[in-house]
2 protein chains.
Amino acid sequence: METYQSGDALGALGDATRRAIIACLAERPRAVGELADELPVSRPAVSQHLKVLKEAGLVTERAAGTRRIYRLNPAGVAALRDQLETFWNRALAGYEDVVEQPEEETP
Amino acid sequence: METYQSGDALGALGDATRRAIIACLAERPRAVGELADELPVSRPAVSQHLKVLKEAGLVTERAAGTRRIYRLNPAGVAALRDQLETFWNRALAGYEDVVEQPEEETP
DNA sequence: ACGAACGGTAAGCCTAGGCTTACGGATGAG
DNA sequence: CTCATCCGTAAGCCTAGGCTTACCGTTCGT
């Protein structure tokens with residue numbers, strides 16, 4: 001499986017600009033320049049963010065002439081989603097009964 | 001509803017130490033000192049991270065004597081989970097047909 | 001009342017990393 | 001061949017923010 005994530009995907013999503021890029025790519029694949037046009041940062045900045053996102057396994061890149069078309073990596077996105085899902089479930093499992101409970105500590 | 005998130009929860013999870021804190025709290029509620037014992041940072045650092053996490057709606061805090069017991073906030077966690085879920089679904093929806101396709105490039 | 005434990009906050013240091021400009025390589029058009 | 005477009009990378013600047021130490025308020029035990 002190439003569901004790997006070299007860098008940590010959550011760390012990558014910690015940056016607001018990268019989240020904006022992901023949001024843009026969620027609509028449709030885009031070239032680097034297109035992304036830069038829609039964002040308040042320069043093209044090289046976008047390029048650098050795309051590198052991080054690619055290392056995190058969240059996007060893939062494809063050459064088309066002189067342009068590089070970036071798109072979401074469904075596998076990477078799904079992997080992160082599943083990982084979070086598992087975590088949420090386990091985390092909330094231990095608390096779901098506590099949601100209503102006011103207190104009952106072990107002093 | 002108090003499912004609000006003043007700060008952005010994803011930004012809060014961007015930091016590795018805060019993720020470690022969340023992971024600790026997923027096991028069971030803890031006091032600040034307990035968390036600091038299990039982490040490679042000082043107690044004030046933990047305290048500062050807890051402030052961020054609380055503002056993000058991910059944890060809640062309760063006084064118990066001189067101690068402050070922190071726990072996950074199921075509502076906040078669930079809110080973030082649902083928000084991501086929606087996003088993933090929409091994002092992957094536009095790509096789902098591409099998942100299988102290896103290539104069909106213009107060489 | 002006094003002291004100890006617990007933890008929030010202020011002040012300050014210091015690195016990570018996000019942004020820009022400048023440059024160079026690759027590709028396609030004429 | 002030459003030029004224009006598109007993009008990745010290097011160099012460097014600069015702020016955000018994570019960490020520490022120091023201090024103070026609060027709470028409980030004796």
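Each chain gets a letter, A, B and so on, in the order its sequence line appears, and its residues count up from 1.
Here the C1' atom of nucleotide C:dG17 and the CG atom of A:L53 are 14 Å apart, to the nearest Å. Rounded to whole angstrom, the span from the CG atom of B:L35 across to the C1' atom of D:dG18 amounts to 17 Å. Atom CG in A:D37 sits about 14 Å away from atom P in D:dT5, given to the nearest Å. Per the geometry, CZ belonging to B:R67 stands 16 Å off C1' belonging to C:dG8, to the nearest Å. Look at CD1 on A:I69: it is 14 Å from C1' on D:dT5, rounded to the nearest Å. At whole-Å resolution of the value, CZ in A:R62 and C1' in D:dC7 are 15 Å apart. Here the P atom of nucleotide D:dC7 and the CG atom of A:L39 are 14 Å apart, to the nearest Å.
For the atom pair B:L13 CG and B:D8 CG, the distance stands at 9.0 Å (nearest 0.5 Å). Going from atom CD1 of B:I22 over to atom CZ of A:F87 covers 6.5 Å, rounded to the nearest 0.5 Å. Here the straight-line distance linking atom CG of B:L72 with atom CD1 of B:I21 works out to 11.0 Å at 0.5 Å rounding.
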Report, one line per pair, each donor and acceptor closer than 3.5 Å where one atom sits in a side chain of residues 33-47 of chain A; sequence neighbours left out.
residue	atom	partner	partner atom	Å
A:E34	OE2	A:A31	N	3.0
A:E38	OE2	A:R30	NH1	2.2
A:S42	OG	A:A45	N	3.4

When you compare the protein's N or O atoms with those of nucleotides 8-10 of chain D, which come within less than 3.5 Å of each other, and at what distance?
residue	atom	partner	partner atom	Å
D:dG8	OP1	A:Y70	OH	2.7
D:dG8	OP2	A:S47	OG	2.4
D:dG8	O5'	A:S47	OG	3.4
D:dG8	N7	A:R43	NH1	3.1
D:dG8	O6	A:R43	NH2	3.0

Grab the N/O contacts between the protein and nucleotides 28-30 of chain D below 3.5 Å, and write none if there aren't any.
none

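Residues from residues 11-23 of chain A placing a heavy atom under 4.0 Å of any atom in DNA chain D do not occur.
Summarising the geometry of B:A9 relative to B:A56, their closest heavy-atom pair is CA-CB, 4.0 Å, with the distance given to 0.1 Å. Summarising the geometry of B:Y70 relative to B:V32, their closest heavy-atom pair is CE1-CG2, 3.5 Å, with the distance given to 0.1 Å.
With sequence neighbours left out, the side-chain hydrogen bond (donor to acceptor under 3.5 Å, both in side chains) criterion links A:R81 to no other residue. Legend: residues meeting side-chain hydrogen bond (donor to acceptor under 3.5 Å, both in side chains) with B:R18, ordered by chain and number and at least two apart, are B:H49.
Formation of a donor-acceptor pair under 3.5 Å by the B:R68 side chain with backbone atoms of B:A63 is not found in this model. In terms of modelled atom types and a separation under 3.5 Å, the side chain of B:N73 and the main chain of B:T60 share no donor-acceptor contact.
Of the side-chain N and O atoms in B:H49, none sit less than 4.0 angstrom from OP1 or OP2 of D:dG17.
Counting any heavy atom pair closer than 4.0 Å across all strands shown, A:A31 reaches sugar-phosphate atoms only and no base atom.
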- Task: Could you go through the side-chain contact (heavy atoms from CB on, under 4.5 Å) check for B:L10 and A:L10 one step at a time?
- Result: CA-CA 8 Å; B:L10 265 180; A:L10 265 180; 4.0 Å; yes
